[in-house]
J.: 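The structure is given below, and queries will be raised subsequently.
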Amino acid sequence: MIQVFANPHRFMAFSKAAQPWLYGLAGLMIAYSLWQAFYVVAPELYQGDSARILFIHVPAAWLAMATYAGMAVASFVWFIWRHELADTAAKALAPIGAAYTAICLYTGAIWGKPTWGTWWQWDDARMVSVLVLFFMYLGYMAIRAAMDTRQKAARAGAIIAMVGAINVPIIKFSVDIWASLHQPASVVRLDGPTMDPSYLYPLLIGALGHTLLMTALVFTGMRTDVMTRRADALLLRQATT
Amino acid sequence: MADALLSATDLAAARGERLLFRDVSLSVCAGEALILRGANGAGKTTLLRILAGLTRAEAGEVSRPQPIHWIAHRTGLKPHETPRQHLALWAKAWGAEADVDSALKAAGLARPADVPARLLSAGQRQRTALARLKLQDRPVWLVDEPFSALDVDARAKLEADIIAHRSSGGAVVAAIHGEPGFAPSGEVRL
Amino acid sequence: MADALLSATDLAAARGERLLFRDVSLSVCAGEALILRGANGAGKTTLLRILAGLTRAEAGEVSRPQPIHWIAHRTGLKPHETPRQHLALWAKAWGAEADVDSALKAAGLARPADVPARLLSAGQRQRTALARLKLQDRPVWLVDEPFSALDVDARAKLEADIIAHRSSGGAVVAAIHGEPGFAPSGEVRL
Amino acid sequence: MTNPAPLSSAFRQALTEAWAGGAGAFLPVGFFAGAAMLVPFGIGQGNEQLAAIGPGILWVALALSSLVTMERLFQADLEDGALDLWIQTDAPLSAVAAAKTLAHWIAAGLPLALITPLLGLMLQVPPADLLPASAAYGVGGLAFFLWGGVGAALTAQVRRGGLLIALIALPLYVPTAIFGAMTLQSDAAGMPPEALYLGASTLFALAVAPFAMAAALKLAAD
Amino acid sequence: MTNPAPLSSAFRQALTEAWAGGAGAFLPVGFFAGAAMLVPFGIGQGNEQLAAIGPGILWVALALSSLVTMERLFQADLEDGALDLWIQTDAPLSAVAAAKTLAHWIAAGLPLALITPLLGLMLQVPPADLLPASAAYGVGGLAFFLWGGVGAALTAQVRRGGLLIALIALPLYVPTAIFGAMTLQSDAAGMPPEALYLGASTLFALAVAPFAMAAALKLAAD
Ligand code: HEM
Ligand SMILES: Nc1ncnc2c1ncn2[C@@H]1O[C@H](COP(=O)(O)OP(=O)(O)OP(=O)(O)O)[C@@H](O)[C@H]1O
Ligand SMILES: Nc1ncnc2c1ncn2[C@@H]1O[C@H](COP(=O)(O)OP(=O)(O)OP(=O)(O)O)[C@@H](O)[C@H]1O
Ligand SMILES: [Mg+2]
Ligand SMILES: [Mg+2]
């Protein structure tokens, strides 16, 4: 596997073959979980139909965090070994992670309105952490976009992703103890472990489907990027000869 | 060339989508002065920055066995800094035991020694930057359009300084438009 | 002198506690080119700014019956501005109907026309500022070290432009160190 | 009759500059959003308290971020030589300065007013109050930018510009801040009288500030 | 063994620069004072409310003013060529960057901490809380300056630097803002545990930020 990702040619071959399968499988699994969500599972005891949004909200939340971790690892690999593909991967991961983060925030907010009576709750550690994560994605993408050249974008992106990644645990910790101080008692929440299996399995399958979709999207992004770079290299060579 | 004070092989530089130059090799030994030539925007400043280790080359190697002095358009003066403060600061930062007062006098900066850089004339700012060359003995001088903004006297003095530096075993790489005012040992065209 | 395009009488300027110059009188008529001479810090830039109406003289009068062009060290380019944007902006602000594309080409800026000024080379920035001279016909050119950072071609072109401007009835006041490259009609020593 | 061409050029240059970030004009939005976000952490209190102080906090954040935007505006013009060129145009310098300030208000002040509803929601401001607040921020913001511009022009060539601009501009901000906060707190239906005061203080700034800026800029170029 | 001479020079240059206003380092104090003074106008409520939110507001003002200070620091070094000279010294660039940041903290951050008791009195903070608050602002402020420095170094060469620096630095400010506010709210006698967290987050910033700044500055010079 490492061989595949170390070598652009092998990566292009592998991703070309894998892409259709990934998209297909992801589509099926997500479709299954949504079908379950909207037509099969019973309305939730306390929250009624609004709880069905969980099947989008929770996978989005998980992927928002997993994608940042992936981006940080890719940045680290690029910074140490200067593997161009690692930077390509980090670049492709960022907008996808930002999109999932936005979906998580958005679904959370429209879920919060009927359940808590408010769009936004500063006392909830998870909400606040996700918001901060969203800003970190935006910062990463903005700094890359602001650089004049690809090489500079890679360097700046790697610096900010690594600094961000080592700060994430501290931010999470601080937000957690802060929220634990004034946790309002009125909040109704579902508890993960006690979740009903009729909810849990479609949720897990949906989450897996989104993971595959994310992988497929990253592959697509990376492929475009590799091809753009080849075209640039060609143009540069033509310009000088 | 074991005794090169500075050498570079097969350098290439790109800016934006444009390749400025490639396959540039050069080396300077004691007593030599290399002049970089080329039209505006050809890449002389970029090449000097690569030689100084400030910019990464797209390709190629630079070997920099000896300490260098760096003088460029951006003189390194802070707007509020006076020539005296500037020279004292860098003498201290480099651990050089130079006499700042005499350096100021030699550069013809005795009068405006305590005027903040943002009020200095263009030539006075350039003189201040050039005065750094005398604070510490460093074999290699990388200088970008060193004569710009200098009056006739200051120009003659710098030319004499370069000749003296070369005869005492130093080397110079300079980007210069027009007459250098000293006999270059070689030229690089970009 | 009723037909002077620009004239000044008994100017004096002080900076800080220092009197830079006094009793400076000058005037330029159509076809003339005056060169300001003096050591670094003598006050050439200050005198030009007084002539342009940017700085107040300590004493004396300036009469400025004709529009002027102003080119100085501080080129007026914003860091993010491209040469094309810069020329288009000033053409519009002055109500000049110049063709920006051909002005760019004439200045040798066709290639870097869309590169922001902070990335341009020193000579390219100076060329952009000088290209303003061609946007609109103005009888008086006040130029401060116009040749600085220019390569040999651009320098020759500017010299030719100055000669053409003079022969078409314009006047030039320039602060220049070294050879002017055209025959001045007079000199002011500070 | 002043020639409008230089003014529209000045306006457009300032607008591009603001968007290109030459004067860091985007800072205010990030700054404003950041300020609004940090407040709950710093205060760490329940929703009621946030709702009570939310609009006030946003006023303060607006005032401060206008200060930040304007600080570099004229200083940059002075340093890169553009000010010299503007002084030499046909148009009166006061009109040029006003055009530039307006451009910065549009680039940095209006976005602040526009994101206010979102931030207000997060700060638990009642939704019905959000639109009037947004309008008040827009109008009041213009006054902040104009007085901030006077401070910026006066300090363009000065050491310690930072402290000075705050010292000069902040007292001038007080009437706008007071009328602005009163407008939001007013319970009157329709247009409260305080809104009129707010508008009047902005008009006053529009009438006076450009001339002060022009005089200060000529001094800076000297 | 790194040679200390370049570091002390860097420190002193930055200190002079800050006092001479090159980077607008005085802005923060005026800014901070202005923010603290506008808040009562903006909020216009009774004393109890002010006392409750006063310390939190001061944290926010501190965070924002560190951002404003740091913004120009490295950008100025890049523009005037001083950065090129610093890169070529013997000392590691991370140490130079740390020295500069420390100098700016001393010039702009510590004064903020020192005027805090005065402002706190105006904001009706109980006098007994003022000294611990001042210490907390000093320690927390250092973390703000360090992370702000990372943002400033990354955006030194960038268009739209303004928004970017806020976007990059503000998330990194969150732990310090939280621990800081909690330290002040804590009722524990002596040193509350949150004070330890605050100190630890500052130490962490001291350990990490200089290297990030150095990498970013080398990139900016390139
Ligand atoms: C904008 C607002 C919200 C954000 C940013 C947000 C964020 C998150 C995150 C990050 C997770 C994953 C947590 C983990 O796996 O440890 C999550 C899970 C979850 N969220 Fe939200 N949430 C928001 C609003 C809500 C609301 C209003 C509800 C329902 C009342 C809700 C219910 C849940 C549930 C049931 C889970 C899954 C259970 C679990 O993993 O513990 N969320 N949310
Ligand atoms: N992002 C970019 N896109 C396109 N071109 C760029 C970019 N950045 C820099 N350049 C070009 O790179 C070149 C830099 O050249 P450099 O400053 O080394 O020239 P120089 O030989 O020193 O010229 P001068 O004689 O004017 O000093 C310029 O031609 C500039 O236009
Ligand atoms: N506040 C001040 N105190 C003392 N001297 C000052 C002050 N402000 C400016 N000066 C001096 O005023 C002079 C300004 O000169 P100006 O820029 O006009 O010189 P110049 O003839 O153009 O020189 P150059 O050939 O170097 O361009 C300088 O000598 C400068 O040191
Ligand atoms: Mg050059
Ligand atoms: Mg001069």
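Proteins get letters first, then strands, A, B, ... in listed order; numbering begins at 1 in each.
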J.: Side chain, backbone, both or neither: which part of C:R15 has a heavy atom under 4.5 Å from chain B?
T.: neither
J.: Between C:R111 and chain B, which part of the residue has a heavy atom less than 4.5 Å away: side chain, backbone, both or neither?
T.: side chain
J.: Does the B:N40 side chain pair with the main chain of C:Q124, one donor and one acceptor, at a distance under 3.5 Å?
T.: no
J.: State whether the side chain of C:D153 and the backbone N or O of B:A39 hold a donor-acceptor pair below 3.5 Å, judged by distance alone.
T.: no
J.: Got more than 12 heavy atoms from elsewhere within 6.0 Å of CG, B:D114?
T.: yes
J.: If you count heavy atoms of other groups shown closer than 6.0 angstrom to NZ of C:K134, is the number above 12?
T.: no
J.: Counting heavy atoms not belonging to C:D10, are there more than 12 under 6.0 Å from its CG?
T.: yes
J.: Heavy-atom distance under 4.5 Å to chain B: side chain of C:R127, backbone, both or neither?
T.: side chain
J.: Under 4.5 Å heavy-atom distance to chain B, tell me which part of C:L150 shows up: side chain, backbone, both or neither.
T.: both
J.: Should we say atom CD of C:E61 is surrounded by more than 12 heavy atoms from elsewhere, each under 6.0 Å from it?
T.: no
J.: Is it the side chain or the backbone of C:A149 that comes within 4.5 Å of chain B heavy atoms, both, or neither?
T.: both
J.: Side chain from CB out, backbone as N, CA, C, O: work out which of these in C:R125 comes under 4.5 Å of a heavy atom of chain B, or both, or neither.
T.: neither
J.: Who among B:K44, B:R37, B:H177 has the most heavy-atom pairs with chain C under 4.5 Å?
T.: B:H177
J.: Check this for me: C:R64, atom CZ, are more than 12 non-hydrogen atoms of other residues, nucleotides or ligands nearer than 6.0 Å?
T.: yes
J.: For B:E145, which atoms come within 4.5 Å of any heavy atom of chain C: side chain, backbone, both, or neither?
T.: side chain
J.: To the nearest 0.5 Å, what is the distance between CG (C:D144) and OG (B:S121)?
T.: 9.5 Å
J.: Quick check on C:Q66: does its CD atom have over 12 non-hydrogen neighbours (other residues, nucleotides or ligands) under 6.0 Å away?
T.: yes
